Amino acid sequence: MITEIRSRLGYLTEVGLGYLTLNRLTSTLSGGEYQRIKLATSLGSALVGSMYIMDEPSIGLHPRDTNQMIGVLKTLRDLGNTVIVVEHEEEIMRAADQIVDIGPGAGMHGGTLVFQGSIKDVNGKSTSHTMDYLKGLENIQVPPKRRKWKDSITIFGARENNLKNLKVKIPLAVLTVVTGVSGSGKSTLVSKILYPSLGRLMGVFAETPGKYERIDGDTSRLTSIEFVDQHPIGKSSRSNPISYVKAYDAIRQLYSDQSLSKKRGYKPSVFSFNVEGGRCETCQGEGETKVEMQFMADIFLKCESCQGKRFKKETLEIEWNGKNIAEVLDLTVEEALEFFKDKKPVHDKILPLYDVGLGYVKLGQSSNSLSGGEAQRVKLASFLGKNSSSDHILFIFDEPTTGLHFHDISKLLKAINALIDQGHSVIIIEHNMEVIKCADWIIDLGPEGGEKNGGHIVFEGTPEALVKSSTGHTARFLKEKLV
Amino acid sequence: MPSSHSDLKDTYYDTLDPREYIIIKRARVNNLKNLSVAIPRNKFVVITGLSGSGKSSLAFDTLFAEGQRMYVESLSSYARQFLGRMEKPEVDYIRGVSPAIAIEQKVNTRNPRSTVGTSTELYDYLKLLFARIGKTRSPVSGKEVKRDTVTDVVEWINQLPVDSKIIIACPLTIPTGRKLKGELELLLSKGYTRVLVKGEPQLIEELAGTKKKIPKNTEIEILIDRIVTNPTDEDLNYRLADSVQTAFFEGHGDCFVYSDKKKTPFSDRFELDGMRFTEPSVNFFSFNNPYGACRTCEGFGKVLGIDTDLVIPDKTLSLYEGAVAPWRSEVMGKWAQPWLKHGAKYDFPIHRPIADLNHKELELLWNGNKDLDGIHDFFKYVESKSHKIQYRVLLSRYRGRTTCPDCRAPAFVKTRDM
C-alpha cells in the first residue's frame with residue numbers, strides 16, 4: 001500500500017504538481033492542473049494497449065515543467081500505449097516520435113495532411129509552417145528596441161496565497177509580462193490582487209481583492225481596465241463574431257440602403273435574424289429546428305422553410321455585390337475583407353478579426369462553437385476596432401497563446417502591439433518564451449512553485465537584463481531565444 | 001516512413017497492417033478534406049497545425065469519437081438506450097482503434113468535496129493505510145489503545161514465572177431492579193462456586209446465607225478459575241483460554257487476573273484510561289462520511305463566520321489609527337474608546353501596528369477581558385441586535401467563509417470526542 005501511495009505521489013511530482021496540497025479543492029484548480037492530475041491518475045493505473053488523446057498538456061507549464069511532462073508522456077508510451085497529443089509547444093514537438101501536421105492554413109485553407117514524420121526528415125523550406133518554425137526558417141522577430149516607460153502602478157504588501165509581502169511596480173503604456181514556474185503566484189498577483197483592486201478604483205465590477213496593503217502610483221492615468229480571459233463570449237447560438245465586433249450593424253445598414261430595400265421600406269432590423277421581420281419565422285432565425293427524441297440525444301434538422309438560411313425569401317432577394325445577407329454570413333473573415341474592400345466602414349470593422357488571426361472564421365459562426373482561445377481573440381479584436389485615443393485601458397491577458405501555433409502567435413503579438421501603440425497598457429500572464437522575449441518589461445516570480453519556495457520576485461526588468469542577470473529558471477530558457 | 005503523403009495513393013492505406021498503425025481513411029469531419037493518415041502504434045505522436053486547421057477535428061472528433069463509439073457498440077442494446085446516440089464520424093474507415101482515453105482540460109467539477117487527493121485516488125489509499133495500521137494513543141497516558149484478546153491475556157499469564165498462583169475473575173454487575181441475593185443464586189445455578197469480595201475469595205453459598213448486611217457498592221467479582229501457571233502444559237493453556245473467554249463474557253468485556261494479590265485488568269473493549277475510543281476504520285478517515293467528518297463544518301473545513309481579514313483589513317495600522325474596520329464609524333467608535341483609555345492598564349499597545357502584536361495581545365483584542373470588550377464581544381452584541389436592519393447589514397459585511405473553529409480545517413473529528 002505504501003508503495004502504491006509513493007508511486008502516485010511520484011507521478012504527481014513528475015507531472016509538475018508537487019506544489020499542490022492534497023486537500024486543495026478540485027474546483028479551484030486550473031484546467032491545465034486538472035488535466036495533469038488526470039494524467040497522473042492514468043499513470044497509476046496499469047492499463048496498457050490503449051490510446052491516450054490529450055489536448056495541449058503543456059498549457060500553464062513553464063518550460064522547466066514541460067520537460068518533466070515529456071518524461072511522463074514517454075513513460076505512458078513505454079507502458080505500451082499510443083499517446084496522441086494535440087500540441088503547439090516546441091519542446092514537446094521536438095520530443096515526439098512523429099509529428100502529424102494538418103494545414104497548411106486554417107479553416108478553409110486547412111484540413112489536409114501537410115507533413116508526417118520526425119523533424120529529421122525535413123530538409124530545406126517546406127510547405128509546413130510548423131516545420132519552418134521548428135527549423136528556424138520562420139521565426140518571431142525580437143522587437144528592435146524596448147519601449148521606455150515613466151508612469152507606473154505599485155502594489156504594496158501583496159500577501160494572498162503564497163505571495164511573500166511583495167512590492168511590485170507595474171509600468172504603464174508598455175507590454176509587461178508576468179511569468180514564473182507553475183504555482184509561483186503569477187495568477188494570484190495579477191488576477192486576485194491587481195485586477196480586483198484596480199477594478200474597484202475604476203468602478204468596474206470586481207470580486208473582493210486578495211490580501212494586500214495598498215495600491216499606489218499613476219492610477220489616474222488609466223480610464224478603464226479589461227480582463228481578457230478565455231471564457232466564451234456567449235453561450236447563445238445567436239451571438240457571432242461580427243455582431244461582437246459591431247460590424248453587423250454596418251452590414252445591415254448597407255443592405256437597407258439598397259434601392260430595392262428602399263422601395264419595400266426595409267429597415268436595418270429586417271436583416272437581423274434575432275428580431276421578427278426579415279428572419280425565417282419557422283426556425284426563428286436559428287436555421288435549424290430541434291426534434292426532441294425522448295431517450296436519445298436531440299436531433300437538429302435543417303429548417304425546412306428557409307433551408308438553413310435563417311431569413312425569409314423576400315429578405316434574401318436584396319443583394320449587394322451579387323450576394324444576399326445569408327451568403328454574406330457564410331463568408332469567412334478573409335473572404336469578407338475582399339468582398340467589402342470598397343466599403344470602408346464595414347471593412348475596417350472586420351479587419352481586426354483578421355489581424356488577430358481569425359481570418360478563417362465565418363462571419364455568422366455562432367459564438368458557442370468558438371474555442372476558448374478564439375473567443376479571447378474575438379474580444380481582443382473588438383477592442384482593436386474601438387480605437388479611441390482618449391482612453392487608456394489596462395488590458396490583462398491570461399495566457400493568450402493557449403491553443404496558438406507559432407504562426408498565430410506572431411499575429412497576436414502584432415495585434416497586442418497595436419493596442420499599445422494606441423496608448424493602452426498590456427499585462428500578460430505567460431510562459432511562452434516567444435511572448436516573453438517580445439516584452440518591454442518582465443516580472444518573474446518564483447524561484448519555485450508552491451507555498452514554501454514560491455511567491456518571491458526573482459526579477460524585474462527588460463528581457464536583456466534578465467538574461468544578463470541569469471537568475472531564475474526563466475532566464476535560462478530565455479537565453480536560447482535571445483541569441 | 002515517407003515524408004510527403006499528399007501524393008500517396010489512397011490504396012496505400014489499405015495495405016497497412018492495423019496491428020501496427022491506426023489507419024484513418026478519407027476523414028471528412030468538419031473542415032478535413034478527405035484526410036487519410038496512418039498513426040504508428042505505441043509511439044508518442046504530436047498532432048499540430050495552425051489554429052483552426054483541423055487538429056482537434058482529427059484527434060477528438062474523429063479518432064476519439066470512433067474509439068468511444070466502438071465501445072458503446074459493444075454493449076448490449078439494452079445498455080445502449082441509456083447512452084446518447086453516437087454519430088459515426090464521417091470517414092471511409094478507421095482501422096486499429098484502441099480503447100480511447102481522452103484527457104481534456106475542462107474542470108468539470110464544482111463539488112466542494114472533491115479535492116486533489118480524492119481525484120488522484122491517493123485519498124482512498126491513505127484512508128486504508130490509516131485504518132489498517134493506524135494506532136490510537138490515549139491523550140492522557142500516551143499509551144497505545146488496544147483491544148485485549150483472549151490470546152493477549154493468555155500470553156500475558158504465560159510470561160509470569162512458572163508455578164505462580166493466579167486467579168481469573170470478572171466483575172459482577174447487578175442489573176438495576178435485581179437483588180444481590182438473586183444474582184448470587186443465579187451464579188450458583190450457572191456452576192460458579194466462589195466470588196471475590198474486596199479481593200478475598202469467598203464461597204457463594206456462604207455469602208448468600210450470611211445474615212450480615214452487605215453494604216452497597218461492595219466490590220464483588222466472580223471467581224472464574226484458579227490456576228498454577230505452566231506454559232508448557234497444553235491442556236492447561238486450553239483451560240486458560242476457555243476461562244478468559246468466560247470471564248470476558250460474564251464481565252461484559254472486563255477480565256481481571258490476580259497474581260500475588262496484584263490485580264491486572266484486561267478489556268476487550270477499545271478503551272484506555274477510562275476513555276472509550278473509536279476503532280479506526282476506512283469511513284472514520286473520510287471527511288465525506290458523517291462518521292469521520294467534523295461535526296461543526298460537516299467536513300468542509302470552513303464555516304460561515306466572522307472573517308478576520310475583513311475586520312482588520314490593513315494590518316499595518318494600529319488600533320488607534322482605526323485598524324478594526326467596524327469600529328471606525330462614529331457610533332461604533334465607542335467600542336474602541338475603552339481600549340484607547342485603558343489599554344495601557346493591560347499592557348495593550350494601542351499605537352503598535354496589528355501585524356506586530358504578539359499572540360497574547362491579539363488574543364486580548366479579539367476576546368477582551370472583564371473590563372474591555374473584544375471584537376468577538378462586539379459581534380456578539382451586533383448579533384443580539386440583528387432584528388434591526390442596520391446591524392444585519394453591518395454583520396453581513398464582515399461575514400465570510402472562515403476556518404472551522406472546531407477542527408481548524410483538517411475537517412476531521414477529534415477521536416476522543418467520540
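Quick caveat: nothing in here was measured; it's all calculated off a predicted structure. The basis for the numbers below is simple: all heavy atoms, side chains too, and nothing from hydrogens, waters or symmetry mates. Proteins get letters first, then strands, A, B, ... in listed order; numbering begins at 1 in each.
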Among [options], who wins on heavy-atom pairs under 4.5 Å with chain B?
{"options": "E213(A), R159(A), K74(A)", "value": "E213(A)"}
{"options": "V100(A), D78(A), L358(A)", "value": "V100(A)"}
{"options": "L79(A), T112(A), I5(A), I84(A)", "value": "I5(A)"}

[atom2] on [Y] to [atom1] on [X], rounded to 0.5 Å:
{"X": "E4(A)", "Y": "L128(B)", "atom1": "CD", "atom2": "CG", "result": "11.0 Å"}
{"X": "F44(B)", "Y": "I70(A)", "atom1": "CZ", "atom2": "CD1", "result": "6.5 Å"}
{"X": "I101(B)", "Y": "M54(A)", "atom1": "CD1", "atom2": "CE", "result": "9.0 Å"}
{"X": "I53(A)", "Y": "F60(B)", "atom1": "CD1", "atom2": "CZ", "result": "6.5 Å"}
{"X": "Y125(B)", "Y": "T3(A)", "atom1": "OH", "atom2": "OG1", "result": "9.0 Å"}
{"X": "D124(B)", "Y": "R8(A)", "atom1": "CG", "atom2": "CZ", "result": "8.5 Å"}

Side chain, backbone, both or neither: which part of L317(B) has a non-hydrogen atom closer than 4.5 Å to chain A?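 Contact with chain A involves no heavy atom of L317(B) at all.
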Part of L63(B) within contact of chain A (heavy atom distance under 4.5 Å):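 When you check distances to chain A, atoms from both the backbone and side chain of L63(B) fall under 4.5 Å.
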Tell me whether the count of non-hydrogen atoms from other residues, nucleotides or ligands lying under 6.0 Å of [atom1] in [X] goes above 12.
{"X": "Y354(A)", "atom1": "OH", "value": "no"}
{"X": "Y398(B)", "atom1": "OH", "value": "yes"}
{"X": "K411(A)", "atom1": "NZ", "value": "yes"}
{"X": "K167(A)", "atom1": "NZ", "value": "no"}
{"X": "Y71(B)", "atom1": "OH", "value": "no"}
{"X": "R328(B)", "atom1": "CZ", "value": "yes"}

Contact leader toward chain A among L35(B), L50(B), I133(B), I22(B), where contacts are heavy-atom pairs under 4.5 Å: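 Heavy-atom pairs under 4.5 Å are most numerous for L50(B).
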Taking P99(B), S56(B), G54(B), G67(B) one by one, which has the highest count of heavy-atom pairs under 4.5 Å against chain A?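 Top option by heavy-atom pairs under 4.5 Å: P99(B).
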[Y] backbone acceptor or donor facing [X] side chain under 3.5 Å:
{"X": "Q116(A)", "Y": "I39(B)", "answer": "no"}
{"X": "T48(B)", "Y": "E87(A)", "answer": "yes"}
{"X": "D97(A)", "Y": "V45(B)", "answer": "no"}
{"X": "T115(B)", "Y": "L22(A)", "answer": "yes"}
{"X": "R41(B)", "Y": "T82(A)", "answer": "no"}

Under 4.5 Å heavy-atom distance to chain B, tell me which part of [X] shows up: side chain, backbone, both or neither.
{"X": "Y52(A)", "answer": "both"}
{"X": "D408(A)", "answer": "side chain"}
{"X": "I99(A)", "answer": "both"}
{"X": "I92(A)", "answer": "both"}
{"X": "R6(A)", "answer": "neither"}
{"X": "L12(A)", "answer": "side chain"}

Identify the heavy atoms of [X] and [Y] that sit nearest to each other, and give their distance.
{"X": "A38(B)", "Y": "Q98(A)", "answer": "O-OE1, 4.3 Å"}
{"X": "N42(B)", "Y": "G80(A)", "answer": "OD1-O, 3.3 Å"}
{"X": "I37(A)", "Y": "S119(B)", "answer": "CG2-OG, 3.9 Å"}
{"X": "S98(B)", "Y": "G49(A)", "answer": "CB-O, 3.3 Å"}

Residues in side chain to side chain donor-acceptor pair (under 3.5 Å) with H405(A), at least two apart?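 For H405(A), the residues satisfying side chain to side chain donor-acceptor pair (under 3.5 Å) (neighbours in sequence not counted) are T130(A).
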Heavy atoms, side chains only, cut-off 4.5 Å: are K55(B) and H88(A) in contact?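 They are in contact (side-chain heavy atoms under 4.5 Å apart), so the answer is yes.
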